[in-house]
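What follows is a short report on a single structure.
Computation of the quantities below employed the complete heavy-atom set of this structure, encompassing side-chain atoms and omitting hydrogens, waters and symmetry-equivalent molecules.
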Amino acid sequence: MSEAMPEKNEKNEKKPNGESVGPALGADLGWAIRLVSAAFRRVATDSVAELPGGARGYLVLVALSSGEPPSQLALAKEVSLDRTVMTYLLDDLEAHELVTRRPDPRDRRARQVLITDTGRSRLAQVREGLAAAEARLLSDLDEQDARQLRVLLARVATTAQRDAIAPDEADC
């Protein structure tokens with residue numbers, strides 16, 4: 001007797017309100033990204049609300065928390081913010097003593113951005129709240145699936161960022 005071919009996994013997923021989602025919608029990347037993005041924004045907003053700049057301020061502190069201090073321009077590119085927006089955000093973060101800026105020793109025209117001890121402390125506090133919010137959002141995943149999701153999303157985000165930056169760099 002031959003084994004039957006395994007059926008495609010076409011089980012119905014659940015919408016946030018508990019209704020079933022058919023296999024076509026449940027497999028649609030745009031639908032999934034939109035819902036996850038909206039849910040993440042809801043749970044994460046409260047976690048970063050106390051930081052100047054909210055989510056943008058958080059991303060800047062994360063980017064500054066390890067490695068060589070970047071220039072303002074490099075930091076703006078890394079977190080995908082307009083240079084002007086970055087300047088105002090850094091002014092706000094600096095006013096709250098979370099970051100500091102200094103002339104870049106390699107290029108005195110550029111300014112390096114550094115996270116302060118106060119900034120590291122605030123970042124640690126925010127990360128705790130954000131971790132709890134993320135855990136609620138990822139509660140249906142086991143630890144390995146959650147880790148894999150993060151890795152895969154980071155790879156997709158890197159591709160998206162590279163593709164978004166590439167046309168501008170071609171003009172230089």
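Counting heavy atoms from C-beta on, the side chains of S71 and Q112 never come closer than 4.5 Å. In this structure the side chain of L64 never reaches within 4.5 angstrom of the side chain of L114, judged on heavy atoms. Side chains of L123 and S65 form a contact here, defined as non-hydrogen atoms less than 4.5 Å apart. You'll find the side chain of T159 reaches within 4.5 Å of the side chain of R162, heavy atoms only. Y58 places a side-chain heavy atom less than 4.5 Å from the side chain of V62. Contact of the M86 side chain with the V60 side chain is registered, since non-hydrogen atoms from C-beta on lie closer than 4.5 Å. D145 places none of its side-chain heavy atoms less than 4.5 Å from the side chain of L149.
When the options L98, V99, T100, L81 are evaluated for a side chain to side chain contact (heavy atoms under 4.5 Å, CB included) with L90, the one that passes is V99.
Linking Ile, Leu, Val, Met, Phe, Trp and Tyr residues whenever their side-chain heavy atoms come within less than 4.5 Å places V85 and L93 in a single cluster. With hydrophobic clusters built from ILVMFWY side chains whose heavy atoms lie under 4.5 angstrom apart, L51 shares a cluster with F40. L141 and V43 end up in different hydrophobic clusters when Ile, Leu, Val, Met, Phe, Trp and Tyr side chains are linked at under 4.5 Å. Residues L137 and L130 share a hydrophobic cluster, clusters being chains of Ile/Leu/Val/Met/Phe/Trp/Tyr side chains in contact below 4.5 Å.
Of the charged side-chain nitrogens involved, none lies within less than 4.0 Å of a carboxylate oxygen, so that K77 and D82 do not count as a salt-bridged pair. Salt-bridge annotation for R150 and E134: present, with a side-chain N of the basic residue lying under 4.0 Å from a carboxylate O of the acidic one.
Summarising the local packing, CZ of R83 is surrounded by 12 or fewer heavy atoms from other residues, nucleotides or ligands at distances under 6.0 Å. The environment of CG in D117 is sparse: at most 12 heavy-atom neighbours from other residues, nucleotides or ligands sit within 6.0 Å. A 6.0 Å sphere centred on CZ of R56 holds no more than 12 heavy atoms belonging to other residues, nucleotides or ligands.
Using a 3.5 Å distance cut-off with no hydrogens or angles, the side chains of Q72 and R101 do pair a donor with an acceptor. R41 and S37 are linked by a side-chain donor-acceptor pair at a separation below 3.5 angstrom, with hydrogens and angles left out of the test.
Checked by atom type and distance alone, the side chain of S121 never pairs as donor or acceptor with a backbone atom of T118 at under 3.5 Å.
We find the CG-CZ distance between D107 and R111 to be 12.5 Å, quoted to the nearest 0.5 Å. Rounding to the nearest 0.5 Å gives a distance of 11.0 Å between CZ of R122 and CD1 of I115. Annotation: the span from Q125 atom CD to S47 atom OG amounts to 12.5 Å, rounded to 0.5 Å. For the atom pair CD of E94 and OG1 of T116, the computed distance is 9.5 Å after rounding to the nearest 0.5 Å. Between R127 atom CZ and L61 atom CG the span is 9.0 Å, to the nearest 0.5 Å.
Listed by chain and number, the residues in a side chain to side chain donor-acceptor pair (under 3.5 Å) with D140 amount to none (sequence neighbours excluded).
In plain terms, the two heavy atoms of P70 and L75 that are nearest each other are CG-CB, 4.0 Å. Looking at every heavy atom in both residues, P52 comes nearest to L89 through O-CD1, 3.8 Å.
For residues 64-75, every residue pair satisfying the salt bridge (Lys or Arg N to Asp or Glu O under 4.0 Å) rule, not counting sequence neighbours, is listed here: E68-R106.
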